[in-house]
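Taking it in order: structure first as structure tokens, then the write-up.
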Amino acid sequence: MSTNVFDTLQERGFLYQTTDEENLRKLLGGGPVTFYVGFDPTATSMHVGNLVPIMAMVHLQRAGHRPIAIVGGATGMVGDPSGKTEARTLLDKDALHKNCEYLKTQLGRYLDFGEEGAKLLNNLDWIGDLNYIDFLREIGRHFSVNRMLTAESVKLRLETGLSFLEFNYMLLQAYDFAVLAKDHGCILQMGGQDQWGNIVMGIDLARRVSKKSTYGMTFPLVTNSAGEKFGKSVAGAIWIEAEQTSPYHYYQFWRNLDDRDVAKMAKLYTFLPASECDAICEANINRAKEILAFEATKITHGAPEAEKSYAASVAEFGSADPDGRIETTSDLPSVDLRLKASGKLQKSEEGIPTSSLTTSDLEQTPRLIELLTRADLATSASEARRLIKQGGAYLNEERMSDPERVITGEDVQEGKIALRAGKKRHHRFTVTND
RNA sequence: GGGGAGGUACCCAAGUGGUCAAAGGGGGCAGACUGUAAAUCUGCUGGCAUCGCCUUCGGGGGUUCAAAUCCCUCUCUCCCCA
């Protein structure tokens with residue numbers, strides 16, 4: 001007797017609000033339910049904040065339900081005002097199109113889009129050719145402006161201003177749901193908590209135009225213990241695209257979480273049993289972070305990359321549980337053994353940003369300051385100078401104190417120059433003849 | 001359309017003729033402590049550099065020995081009225 005996936009989601013902290021909880025739970029405990037989540041093509045990559053709905057979709061798909069992912073090719077042109085204090089800049093059509101393509105491939109990493117699997121649709125297909133007057137007469141008449149004005153997303157913007165364009169977003173998303181309900185048998189829409197208003201509108205519309213009962217579910221906005229939006233710090237978002245956030249950095253992001261966030265994030269971002277997520281945190285918080293980081297990296301970048309990142313991290317910082325004492329269903333302990341046996345747990349260059357220098361570059365005897373800047377460890381010469389003055393600059397693991405230090409061929413070790421800023425930021429230059 | 005208030009560094013925000021590269025806070029970076037965590041403490045936080053120099057206070061123009069500060073103009077944002 002397997003657990004109802006509804007309970008799984010609840011237990012793992014995915015549920016924020018649902019409509020008609022009792023019925024929805026019953027449906028999800030039974031035969032296949034077709035459900036959908038919409039994604040806006042606003043960036044070239046999704047970040048960890050976008051991952052929550054995807055993880056939920058995977059849980060549901062594993063439980064035998066049928067996911068539909070909607071790429072907002074049409075709605076993206078309007079821009080969802082939900083949860084935003086001001087209008088975001090509109091992307092042009094080319095950019096949107098590109099982003100849609102990126103979204104598709106990224107979703108494919110998590111969901112199974114095989115024959116009987118998940119479906120991927122673009123709402124441009126049914127919204128793109130809508131006739132304005134027809135739309136107003138068929139769909140617009142079901143909406144009450146009075147009601148729309150009470151939506152949180154609208155109220156928020158009544159203060160600062162809301163364009164008519166954005167005001168219409170809600171109608172389009174509601175229309176999506178109605179279309180999916182009618183043509184694809186979709187009865188559940190899920191989304192972030194700021195989507196509640198849009199989802200409820202869709203449920204109403206589906207009932208009015210096709211007399212169908214549908215359901216809605218929202219996920220909490222994931223925040224860290226400091227109350228900040230998760231995965232999108234000032235320093236930059238944590239992207240799932242390796243080009244933008246390398247697997248090593250991705251791993252490090254999880255490894256460096258605040259203690260208080262680990263259990264919560266493990267439930268959301270791994271598939272380990274919820275009870276285990278609590279247990280490992282209880283047993284050894286640092287091991288729990290390693291397991292979380294490994295599992296999360298595995299899900300996004302695949303097992304080989306996760307192993308590499310883990311190996312590099314252990315080599316750099318040591319292991320939190322060298323003897324594998326902590327019980328876990330993760331295959332990290334076996335990976336541990338394998339790495340140990342093959343002697344791979346030594347200083348590794350994997351994942352460390354590397355760029356190249358030529359011998360003629362070195363003949364000009366560049367200053368340390370210049371190399372630090374070139375390595376992106378400092379944004380300007382002044383910053384590099386500061387770094388050195390404050391004792392945060394390392395050349396070949398040796399702390400540098402002279403801001404005027406010049407780099408020569410003697411600093412090349414085994415064809416490389418190793419730079420470090422602070423404890424964690426590394427860069428390697430490989431030196432080649434030209 | 002009329003009236004009012006504003007636009008200062010990554011963000012918030014002081015500053016209303018020289019002492020302003022511009023207070024304070026947040027954020028960020030580095031150091032100490034530590035567990036690659038948190039909290040705390042310290043330093044730094046426009047650029048180039050040997051005193052020093054150069055570019056910044058929405059854009060442009062002007063007054064002045066001297067402007068973030070005064071005048072003109074353009075522009076953007078917010079508020080109130082119609």
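In what follows, chains are A, B, ... by sequence order, proteins preceding strands, each numbered from 1.
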Side-chain ion pair, A/E241 and A/R109, N-O less than 4.0 Å: yes
Does [X] reach a base, just sugar-phosphate, or nothing at all? Heavy atoms under 4.0 Å.
X	value
A/R425	sugar-phosphate
A/A393	nothing
A/Q252	base

Expressed in angstrom and rounded to an integer, what is the separation of [X] atom [atom1] from [N] atom [atom2]?
X	N	atom1	atom2	result
A/N256	B/U36	CG	C1'	5 Å
A/D321	B/G35	CG	C1'	14 Å
A/R255	B/A37	CZ	P	8 Å
A/L257	B/U36	CG	C1'	12 Å
A/R386	B/A30	CZ	C1'	11 Å

Please determine whether a side-chain nitrogen or oxygen atom of [X] lies at a distance below 4.0 Å from atom OP1 or OP2 of [N].
X	N	result
A/S380	B/G46	no
A/R260	B/A39	no
A/K424	B/A37	yes
A/R399	B/A30	no
A/R385	B/A49	yes

Rounded C1' spacing from B/G61 to B/C29 in Å: 40 Å
Whole-angstrom distance between B/C48 and B/G43, as gauged at atom C1': 22 Å
Paired nucleotide for B/A49 [Watson-Crick or G-U wobble; both distances under 3.5 Å]: none
